[in-house]
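Heads up, the thing below is written out as structure tokens.
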Amino acid sequence: GNSTYSVARCLAAPEIVIEGGQVLPRGEILVHGGDLAYPHPTDEVYEERLFSVYNQAFPASDPNGILVPLKKNRPASSSSEHPPKAYMIPGNHDWIDGLDTFTKHVLHRSSIGGWQLPQDMPYFALKLPHNWWLLGLDLALEEDMDMVQYGYFARLAEEKMGPNDKVIIVTHCPPWLIDWFFGVDKRAHKLLRQLITGPLRGRTRLKLAGDLHFYLRHQFHRYDDGDVSCTPYEPTPAGGSPGFGGESPMGGSPVFFGRSPVLDEDELRKKLLGVYDADKATGNGFTPALHPEGKSSDHVGVVPAEHLVVCGGGGAFLHPTHVFVPSRFRDRESRLPGEYRCVEAFPSAQDSQKICRRNLHAFRHVNSTFDVIGGAIYYVLIVSALPCCSQVSEVFEASSLLSGLGAFGRAMCSTIIDIFARSRISLIAFLLLFGIALAFARGGGIGAVKGVP
């Protein structure tokens, strides 16, 4: 609750003064990247852990925000009048119930706090100034869009976008980083990749995702002439350098981003430089993509996105960045001579390692209160229950494993009956421990304030 409110309060502030005295006004558009509330989508969780927090950070005249008429899903302009607007895409946790709760509270609701909710579909497109577009994609649980969603964005690119327009793609999770981390090439995201290399060809400048709780930015780096490998598209293993063996730092297998047919050195170098004839390339197994102006051309020389950014700043805990900073990988569709490399991280890899090492001793110090309370309850429960364990000796004296298991079952049942019948101290300790566990499971934690979890 506190972390969500802190983020919402900063977003709702009319202006923020940063270092150097620069004043940043409140944004006209808020984009939420999914997983609106943990751990599962219910009316209570959405209301207590999302809407009530945003309502307190940015109060609205209509806190219920219920819309009766349907909202039309169409590209919206960021130059709209106040109040500001909020757009949201669902994450994997929002899809647990088949998107029912997300639909009820986001698509069928008019506002969250002081932000309006214009969308009526789990995906959207925003026309930004200076020929920029922001596309919010719903990848559901399959890590890919469906055909209806693909058709929406494909028609948008064909009918509304110009050849020089630039696109930002927002998804819930960063598949480029997940695939590298686990050392697998799942060949997923087929429609997403087709959208980027086909209708959006050459326009995608940035992929933005959350899910992982840190900031990490990868940038595409071209190889120098001396770095171009003259072997047929040697794969870049997870965590390794191009053309060399290597494995993921977490022990995964190398990632293979596709191989080409066997080519001679001249033809391969032309392919790497992106200057060969597309029609001839089609015969070698490559599929030409649609040029923004309608001309047929291949996408081998196109970088699907210049920057890959993970910005999961809304989480209540921190993931380590030092595991992902060494990541280097190619895009499996583009055959440009280059790879993605991490250029920025927060916290830095050094700070991340320090935090992880501090967990070895500081974690117990910070949570010492829980240790004392939990240890005291456990001690009272065990000590008071020992006199009730009158049949334990039969377990140790059993002649076989089967008879020992039977004696253990009888002893356990007898002890539980004795606790409820005679040992009131054990019963009170047991009920207290059970009540605390139940409160943590149902109420979000002991001491949680109603409405502000």
Side-chain angles (χ1 to χ4, degrees), residues 33-35 91-92 137 139 141-144 169-197 204-223 227 229 233-260 302-313 315 318-353 356:
D35 279 354
N92 57 312
L137 277 55
L139 302 186
L141 297 176
E142 302 296 329
E143 299 183 7
D144 201 2
I169 290 182
V170 180
T171 58
H172 167 63
C173 66
W176 60 89
L177 212 54
I178 300 300
D179 289 353
W180 174 87
F181 178 80
F182 286 104
V184 296
D185 178 14
K186 297 187 292 186
R187 296 286 174 180
H189 339 297
K190 293 181 179 179
L191 290 178
L192 174 59
R193 291 185 172 277
Q194 177 59 31
L195 177 68
I196 295 174
T197 58
T204 306
R205 296 292 186 271
L206 168 67
K207 286 184 181 180
L208 180 61
D211 198 32
L212 300 176
H213 302 170
F214 50 61
Y215 175 84
L216 205 68
R217 179 168 68 89
H218 284 75
Q219 185 174 348
F220 186 82
H221 289 263
R222 285 179 176 268
Y223 297 146
D227 292 335
S229 174
Y233 295 137
E234 292 189 19
T236 301
S241 301
F244 296 90
E247 294 185 352
S248 166
M250 302 305 293
S253 302
V255 180
F256 294 93
F257 292 103
R259 296 180 179 271
S260 76
V302 176
V303 181
E306 297 177 7
H307 302 276
L308 308 176
V309 175
V310 179
C311 187
L318 180 67
H319 282 121
T321 59
H322 63 275
V323 177
F324 298 94
V325 167
S327 58
R328 297 169 62 179
F329 48 87
R330 301 179 191 173
D331 187 271
R332 62 172 68 99
E333 298 295 338
S334 175
R335 301 305 199 272
L336 274 178
E339 65 183 8
Y340 287 103
R341 301 174 186 173
C342 180
V343 294
E344 293 290 344
F346 181 84
S348 65
Q350 293 77 12
D351 291 341
S352 176
Q353 288 179 322
C356 289

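Keep in mind the model is a prediction, meaning the values are calculated, not measured.
H319 places a side-chain N or O within 3.5 Å of a backbone atom of H213 that can act as its donor or acceptor partner. A donor-acceptor pair under 3.5 Å links the side-chain atoms of T321 to the main chain of P347, judged by distance alone.
D179 CG to E143 CD: the interatomic distance, rounded to the nearest 0.5 Å, is 7.0 Å. Between H218 atom NE2 and R341 atom CZ the span is 11.0 Å, to the nearest 0.5 Å. For the atom pair CG (L137) and CG (D144), the distance works out to 9.0 Å, reported to the nearest 0.5 Å.
No side-chain heavy atom of H172 sits under 4.5 Å from any side-chain heavy atom of L139. Between N92 and D211 there is a side-chain heavy-atom pair separated by less than 4.5 Å. Contact annotation: the side chain of V343 never approaches that of H307 to less than 4.5 Å [non-hydrogen atoms, C-beta and beyond]. Taking 4.5 Å as the limit, some side-chain heavy atom of L308 sits within range of a side-chain heavy atom of F329. Considering only heavy atoms from C-beta on, V310 comes within 4.5 Å of F214 through its side chain. Taking 4.5 Å as the limit, some side-chain heavy atom of I196 sits within range of a side-chain heavy atom of L192.
Between R330 and E339 there is no salt bridge, since no side-chain N of the basic residue sits under 4.0 Å from a carboxylate O of the acidic one.
Closest heavy-atom contact between C356 and P320: SG-CB, 4.0 Å. Nearest heavy atoms, S352 versus H322: OG-ND1, 2.8 Å. Annotation for P326 and V323: closest pair CD-O, 3.6 Å, computed over non-hydrogen atoms.
Just one of F324, F220, W176 meets the ring pair (Phe, Tyr, Trp, His ring centres under 6.0 Å) condition when paired with Y340; it is F220.
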Next on the checklist: I'd like to know whether E344 forms a side chain to side chain contact (heavy atoms under 4.5 Å, CB included) with F346, so could you lay out the CA-CA distance, the side-chain angles of the two residues, the decisive distance to 0.1 Å, and finally the verdict.
Outcome noted: CA-CA 7 Å; E344 293 290 344; F346 181 84; over 6 Å; no
